[in-house]
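What follows is a single structure, written as structure tokens, with notes after it.
Quick caveat: nothing in here was measured; it's all calculated off a predicted structure. Keep in mind that the numbers below use all heavy atoms, side chains included, and drop hydrogens, waters and symmetry copies. Throughout, numbering of the chain's residues begins at 1 and tracks the sequence.
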Amino acid sequence: QLQLVESGGGLVRPGGSLRLSCAASSSTLDNYAIGWFRQAPGEEREGVSCVSPREDKTYYADSVKGRFTISRDNANNTVYLKMNNLKPEDAGVYFCGARARLFVLCVPIIFNSWGRGTQVTISS
């Protein structure tokens with residue numbers, strides 16, 4: 001199993017930016033598709049952005065297109081989510097998930113390893 005640790009969350013104003021990081025225990029991170037998923041209070045976990053092992057495929061939820069960017073640094077076993085122009089609806093706990101297979105869909109049920117999440121709060 002792959003161990004994942006998220007970081008970079010915090011409290012920001014609407015329109016602000018954050019950069020989330022997902023650090024993995026594996027030295028072969030390029031074997032995994034990675035996804036970022038948001039869970040707001042009382043709601044289901046949903047896909048925000050996912051990236052294939054070699055970054056040849058990416059997915060962004062319609063609500064974040066043009067504002068969020070996913071990237072990965074396999075040499076340092078880290079995946080990032082740059083979030084710009086944050087909106088109140090972006091708030092929630094952001095989880096990093098890993099799938100030891102090719103990227104197909106950015107849905108939580110097919111991701112096998114998870115971090116504990118990092119809180120993102122949007123407040124004016």
Side-chain angles (χ1 to χ4, degrees):
Q1 288 291 330
L2 185 67
Q3 295 183 355
L4 304 172
V5 179
E6 303 94 336
S7 62
L11 174 64
V12 297
R13 302 283 189 180
S17 298
L18 286 173
R19 187 197 190 200
L20 306 184
S21 297
C22 174
S25 60
S26 177
S27 61
T28 57
L29 187 62
D30 57 357
N31 292 330
Y32 295 86
I34 302 295
W36 285 99
F37 301 84
R38 179 181 65 244
Q39 188 163 17
E43 300 183 9
E44 296 181 345
R45 192 173 302 183
E46 60 183 20
V48 175
S49 182
C50 292
V51 62
S52 62
R54 297 183 298 168
E55 293 189 290
D56 56 317
K57 297 179 180 179
T58 58
Y59 164 87
Y60 295 95
D62 288 342
S63 60
V64 307
K65 286 181 179 177
R67 299 189 296 118
F68 290 11
T69 302
I70 191 169
S71 62
R72 60 191 302 159
D73 183 353
N74 290 334
N76 290 304
N77 302 318
T78 305
V79 177
Y80 303 97
L81 183 68
K82 185 66 170 66
M83 306 187 295
N84 294 325
N85 192 24
L86 285 161
K87 302 177 179 180
E89 54 263 39
D90 297 322
V93 178
Y94 281 73
F95 296 89
C96 177
R99 171 181 168 85
R101 278 145 283 179
L102 294 176
F103 169 63
V104 179
L105 296 172
C106 196
V107 293
I109 194 172
I110 67 171
F111 284 75
N112 311 111
S113 301
W114 295 92
R116 294 182 178 181
T118 184
Q119 177 73 48
V120 173
T121 303
I122 315 297
S123 178
S124 60

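- Side-chain contact check for Phe68 versus Ser49: every heavy-atom pair is 4.5 Å or farther apart.
- When side chains are defined from C-beta on, Asn77 does not count as touching Ser25, because their heavy atoms never get closer than 4.5 Å.
- What you find for Tyr94 and Val48 is that their closest heavy atoms are CE2-CG2, 4.0 Å.
- For the atom pair CD of Gln119 and CD of Glu6, the computed distance is 12.0 Å after rounding to the nearest 0.5 Å.
- Here the straight-line distance linking atom CG of Leu11 with atom OG1 of Thr121 works out to 6.0 Å at 0.5 Å rounding.
- Side chains of Val120 and Met83 form a contact here, defined as non-hydrogen atoms less than 4.5 Å apart.
- Expressed to the nearest 0.5 Å, how far CZ of Arg99 lies from CG of Asn31 amounts to 13.5 Å.
- The stretch residues 104-118 participates, sequence neighbours left out, in these side chain to side chain donor-acceptor pair (under 3.5 Å) pairs: Gln1-Ser113, Arg101-Asn112.
- Sorted by first and then second residue, the pairs that involve residues 19-46 and meet salt bridge (Lys or Arg N to Asp or Glu O under 4.0 Å), not counting sequence neighbours, are Arg38-Glu46.
- For the side chain to side chain contact (heavy atoms under 4.5 Å, CB included) criterion with Val79, the lone passing option out of Leu20, Leu4, Ile70 is Ile70.
- Of all heavy-atom pairs between Phe111 and Ile34, the closest is CE2-C, 3.9 Å.
- Taking each heavy atom of Ala23 and Thr78 in turn, the nearest pair found is CA-OG1, 4.4 Å.
- The list of disulfide (SG to SG under 2.5 Å) pairs with a residue in residues 51-124, not counting sequence neighbours, reads Cys22-Cys96, Cys50-Cys106.
- When the side chains of ILVMFWY residues are joined at heavy-atom separations under 4.5 Å, either directly or via intervening members, Val51 and Leu105 end up in two distinct hydrophobic clusters.
- Counting only residues at least two apart or in different chains, side chain to side chain donor-acceptor pair (under 3.5 Å) contacts with residues 82-91 comprise Ser17-Asn84, Arg67-Asp90, Lys82-Asn84.
- Note: Leu29 CG to Leu2 CG = 6.5 Å, rounded to the nearest 0.5 Å.
- Minimum interatomic distance between Tyr32 and Ala98 (heavy atoms only, all atoms of both residues): CD2-CB, 4.1 Å.
- With sequence neighbours left out, Ala61 forms a side-chain contact (heavy atoms from CB on, under 4.5 Å) with Tyr59, Ser63, Val64.
- Partners of Ser7 according to the side-chain contact (heavy atoms from CB on, under 4.5 Å) rule, which considers only residues two or more places apart in sequence or in another chain, are Ser21.
- Pairing each heavy atom of Gly8 with each of Leu18, the nearest pair is O-CD2, 3.6 Å.
- Side-chain contact check for Asn74 versus Glu55: every heavy-atom pair is 4.5 Å or farther apart.
- Linking Ile, Leu, Val, Met, Phe, Trp and Tyr whenever their side-chain heavy atoms come within less than 4.5 Å leaves Phe37 and Val5 in two separate clusters.
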Self-check item: Stepwise side chain to side chain contact (heavy atoms under 4.5 Å, CB included) check, Thr69 with Thr58
Solution: CA-CA 9 Å; Thr69 302; Thr58 58; over 6 Å; no

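- Here CG of Leu81 is found 7.5 Å from OH of Tyr60. Values are rounded to the nearest 0.5 Å.
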